[in-house]
2 protein chains.
Amino acid sequence: MQFLSLGTQYTLTALISLSKQGTGVAVSASKLAEPLNSPSTYLSQMLTHLIEPGIIGTRRGINGGVYLAKDASEITMFDIVTAVEGDEFFQTCFLGISGCGDIEPCPFHEEWGKKRGKIEEWLKSTTLEELANDTSTMMTDGLFRFERRAKN
Amino acid sequence: MQFLSLGTQYTLTALISLSKQGTGVAVSASKLAEPLNSPSTYLSQMLTHLIEPGIIGTRRGINGGVYLAKDASEITMFDIVTAVEGDEFFQTCFLGISGCGDIEPCPFHEEWGKKRGKIEEWLKSTTLEELANDTSTMMTDGLFRFERRAKN
DNA sequence: TCTATATCCGATATTGATATTAGAATATAG
DNA sequence: CTATATTCTAATATCAATATCGGATATAGA
């Protein structure tokens with residue numbers, strides 16, 4: 001059980017780095033992937049999902065790369081997460097019961113709806129700008145490192 | 001992205017049914033699996049994880065099956081969920097960064113910690129008894145049905 | 001125009017989680 | 001004792017996530 005998939009974790013972290021460059025400045029996927037300990041082509045593939053929703057743009061060739069397509073203050077975590085993973089999490093029943101809804105609720109429907117709503121609000125109200133400006137964290141110095149999930 | 005895996009959803013639902021029988025009364029896995037639209041052997045396999053933690057006991061042979069090993073008021077959702085899925089969710093960093101902690105936090109560390117803590121509290125404070133007694137829901141009439149997750 | 005560097009896109013390999021099946025082991029009723 | 005209902009266990013199948021690769025395409029600069 002994990003909230004974000006590995007690919008989404010890569011994507012979010014890369015975008016935080018990218019937003020430190022400001023809107024419109026291109027950085028190559030390989031530069032962004034370096035501290036992630038991930039193949040740059042994989043990150044690249046993940047980032048592709050953000051093009052259509054207008055979060056990033058790309059430029060091929062020399063000095064090309066990925067750039068923010070709008071101001072970091074207008075990009076929310078919710079935008080990013082759902083662009084990569086979809087919004088299934090925010091739609092489906094806690095128990096996976098198909099008839100579950102306000103009329104025929106499962107025993108978790110109301111409580112889980114509240115908890116999940118809180119998470120949704122949080123994701124929607126947190127912008128990339130805030131994350132990039134958060135100087136109290138390790139992100140400022142690229143101090144972070146990723147490790148593979150433990151095997152069985 | 002989904003909170004509980006399908007197997008855990010089956011397990012929780014089955015235990016709610018089971019607890020309506022009271023402590024110590026055995027019900028076969030196939031009876032429990034019927035409304036779940038799942039192979040009974042699969043449910044059986046999932047339920048096995050609950051034996052060692054002392055949540056259920058089993059009896060083989062005629063009239064055998066699975067029974068609650070203690071009172072439903074002493075079994076929490078947290079017990080059940082972590083018995084099946086482990087507690088990774090409650091331990092790991094939102095971004096999957098290995099050095100993340102109170103000293104070197106990632107930008108999500110504090111906020112996510114709160115949200116996740118709320119979920120943990122909720123799971124720990126909700127008992128099987130409460131769920132089984134929740135008469136305002138579809139569970140009372142076995143009105144629920146499961147469907148497979150949508151394919152790609 | 002040519003070359004080096006990048007993304008893009010689709011195909012495919014790999015892995016781990018999830019789900020299913022089959023058969024052995026075991027307990028109980030009669 | 002025997003037949004049968006049931007769990008138990010291990011092997012296997014399926015699927016989705018993760019990762020890799022190669023060719024096509026675009027771009028900048030020499």
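Note that these values count all heavy atoms, side chains included, but never hydrogens, waters or copies made by symmetry. These numbers were taken from a predicted model, which means no experiment stands behind them. A, B, ... follow the sequence lines: proteins, then strands. Residue 1 opens every chain.
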Find which nucleotide of DNA chain C each of Met46(B) and Gly57(A) is nearest to by heavy atoms, and output the residue with the more 5' nucleotide.
Gly57(A)

Measure [atom1]/[X] against [atom2]/[N] and give the value in whole Å, please.
X: Tyr42(B); N: dC15(D); atom1: OH; atom2: C1'; value: 12 Å
X: His49(B); N: dA19(C); atom1: NE2; atom2: P; value: 12 Å
X: Glu85(B); N: dA19(C); atom1: CD; atom2: C1'; value: 15 Å
X: Ile56(B); N: dC8(D); atom1: CD1; atom2: C1'; value: 12 Å
X: Leu50(B); N: dC8(D); atom1: CG; atom2: P; value: 11 Å
X: Ile62(B); N: dT7(D); atom1: CD1; atom2: C1'; value: 14 Å
X: Leu36(A); N: dT18(D); atom1: CG; atom2: P; value: 14 Å
X: Leu6(B); N: dG16(C); atom1: CG; atom2: C1'; value: 17 Å

Between the side chains of Thr8(A) and Thr11(A), is a donor N or O closer than 3.5 angstrom to an acceptor N or O?
no

Counting heavy atoms from C-beta on, name the nucleotide in [options] closest to the side chain of [X].
X: Arg59(B); options: dA28(D), dA27(C), dA29(C); result: dA27(C)
X: Ser28(A); options: dT5(C), dT20(C), dT7(C); result: dT7(C)
X: Ile51(B); options: dC8(D), dT7(C), dT18(C); result: dC8(D)
X: Ser5(A); options: dT7(D), dG29(D), dT18(D); result: dT18(D)
X: Thr48(B); options: dA28(D), dC8(D), dT7(D); result: dC8(D)

Considering heavy-atom distances to DNA chain D, does Gly61(A) or Thr8(A) have its closest nucleotide positioned more toward the 5' end?
Thr8(A)

Give one of base, sugar-phosphate or nothing for Leu43(A), where a contact means two heavy atoms less than 4.0 Å apart.
nothing

Could you go through nucleotides 21-25 of chain D and list every protein N or O atom that sits under 3.5 Å from one of its N or O atoms, giving the distance for each pair?
unit_1  : atom_1 : unit_2   : atom_2 : d
dT25(D) : O2     : Arg60(A) : NH1    : 2.8

Which of Leu131(B), Thr23(B), Leu68(B) passes side-chain contact (heavy atoms from CB on, under 4.5 Å) with Ile75(B)? It is Leu68(B)

Using residues 28-35 of chain B as the side-chain source, report each donor-acceptor pair under 3.5 Å to any protein atom, sequence neighbours left out, with the distance given to one decimal.
unit_1   : atom_1 : unit_2   : atom_2 : d
Ser28(B) : OG     : Ser30(B) : OG     : 3.3
Ser28(B) : OG     : Lys31(B) : N      : 3.2

What's the separation between atom CG in Leu18(A) and atom CD1 in Ile55(A), rounded to the nearest 0.5 Å?
11.5 Å

Look up atom NE2 in His109(A) and atom CG in Asp134(B), then write down how far apart they are to the nearest 0.5 Å.
12.0 Å

If the plane angle is over 60° it's perpendicular, under 30° parallel, otherwise tilted; pick one for Phe3(A) and Trp112(B).
tilted

Run the salt-bridge test on Glu111(B) and Lys114(B) with the 4.0 Å N-O cut-off and return the result as yes or no.
yes

